[in-house]
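Data first, discussion second: the structure below is written as structure tokens.
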Amino acid sequence: MATTETASTGSISGFPAGGAPQGGDLGAEIEALSGRLARVKSNIGQIIFGQEETVEQSLISLLAGGHVLLIGVPGLAKTRLVDCLGKVLGLDAKRVQCTPDLMPADIIGSEVLEESDTGKRAFRFIEGPVFSQLLMADEINRASPRTQSALLQAMQEHKVSVGGHTYPLPQPFHVLATQNPLEQEGTYPLPEAQLDRFLLQIDVHYPSLDAERQMLIVTTGSVDAEAATVLSAAELMAAQRLVRRIPIGDKVVEAILRLVRAGRPESSEIEDVKKNLAWGPGPRAGQALMLASRARALLQGRFSPSIDDVAALAHPVLRHRIALNYGARAEGVTLGNIIDRLIAQLG
């Protein structure tokens, strides 16, 4: 299952130029886990049709320990994907339907005053749905900024504070949020600080003709397929630790730095970037590319990532971490155009 890395990876500290660990347990762990992950993808593929790239990028985010923002029109199985991921990966999943009247306490929980049989009164904390391993925030941009901010501490620190007390969240903890790009009335754009907490922004597209035909036949029959559990939460956490142990080549590190730093208009040498971007990606974008590239290599059964992984993940990592200025939007420039220009300079 495992293959050697491409020549574009470069030298790796502690390993020969070929990239594959020699005589250690790491290579065996990667090979064994990649087989399990192939079963994960296969199980999800029996439920979700025509969204192979979306499924792969979602798994990359979870393997990297990150959160996901899914953007797509209604009916593309975003909610079903999150439910399927929870079952296949053995995670405790909960769902929050975001609305303008949703309060922070509806997500993180609240303290209630209770009186015992003896008349003694005390506060008891009632956990909200954020106390789960996989939280789906459906249509997150319909929640008010106050409620959106309630997720910030949870997403970044994996804990919440209520009434002067701090409560740790279950491990692992992931937020998979969905957003409808069409209906903008009554929505609140996510602030940049919260967008940056999402490891990847995954744009969900329509399925191909063949996939949609298969979906019509399978989903309207008398038997509804169900996902089978392949991994447990403990095994997912072990996979996340393995991702951080995967070696990464000097050339890949340099490619990540070059890509991220070239996207900052104040210091970029690319004219399109300086002309069209209001701001560029921060250091967290480089961290996301490092982890996601390692996770993609693991998912595909390779011993270390290559520059091809960086290029493949540039769009989902950067599209929510850069912003066009007014002039660029008026001229019809898109973020995709700018990211393609950044990828092109990697050579």
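Quantities reported herein were computed from a predicted structural model and do not represent experimental measurements. Worth knowing before you read on, the calculation uses all heavy atoms, side chains too, and leaves out hydrogens, waters and symmetry mates.
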For atom CZ of R284, is the number of surrounding heavy atoms from other residues, nucleotides or ligands below 6.0 Å larger than 12?
yes
How far does CD of Q214 sit from CG of L209, to the nearest 0.5 angstrom?
12.0 Å
T99 and D101 side chains, donor-acceptor separation under 3.5 Å
yes
For F123, which residues count as a ring-ring contact (aromatic ring centres under 6.0 Å, His included) partner, sequence neighbours excluded?
none
Taking atom types as modelled, is there a side-chain donor on D138 or T178 under 3.5 Å from an acceptor on the other?
yes
Hydrophobic cluster (4.5 angstrom, side-chain heavy atoms) - remaining members for M237:
none
Report yes if the side chains of V88 and L231 come closer than 4.5 Å at any heavy-atom pair, otherwise no.
no
Find out whether Q148 and Y188 are in side-chain contact, i.e. whether some heavy atom of one side chain is under 4.5 Å from a heavy atom of the other.
yes
In short, salt bridge (charged side-chain N to carboxylate O under 4.0 Å, His left out) pairs touching residues 255-271 with sequence neighbours left out are E271-K274
Between CZ on residue R197 and CD on residue E157, distance to nearest 0.5 Å:
8.5 Å
Can you tell me how far the NE2 atom of H320 sits from the CD1 atom of I322, to the nearest 0.5 Å?
10.5 Å
Only residue of M136, H174, R95 satisfying side-chain contact (heavy atoms from CB on, under 4.5 Å) with V82 is M136
Any idea which heavy atoms bring L190 and L195 closest together, and the distance?
O-CD1, 3.7 Å
Under a 3.5 Å threshold, yes or no: a donor from one side chain and an acceptor from the other, between N141 and E139?
no
So, for L62 and L236, which heavy atoms are closest and what is the spacing to 0.1 Å?
O-CD1, 4.2 Å
For S144, which residues count as a side chain to side chain donor-acceptor pair (under 3.5 Å) partner, sequence neighbours excluded?
T147
Heavy-atom pair with the smallest gap, counting every atom of N337 and G332
OD1-O, 4.4 Å
Can you give me the closest heavy-atom contact between V273 and L342, atom names plus distance?
CG2-CD2, 3.9 Å
Taking all non-hydrogen atoms of both residues, which atom of L318 and which atom of P281 are closest, and how far apart?
CD2-CB, 3.9 Å
Any side-chain heavy-atom pair from D83 and T79 closer than 4.5 angstrom?
no
Starting from W279, walk the hydrophobic network (Ile, Leu, Val, Met, Phe, Trp, Tyr; side-chain heavy atoms closer than 4.5 Å) and list everyone else you reach, by chain and number.
none
What residues, two or more places apart in sequence or in another chain, satisfy ring-ring contact (aromatic ring centres under 6.0 Å, His included) together with F131?
F125
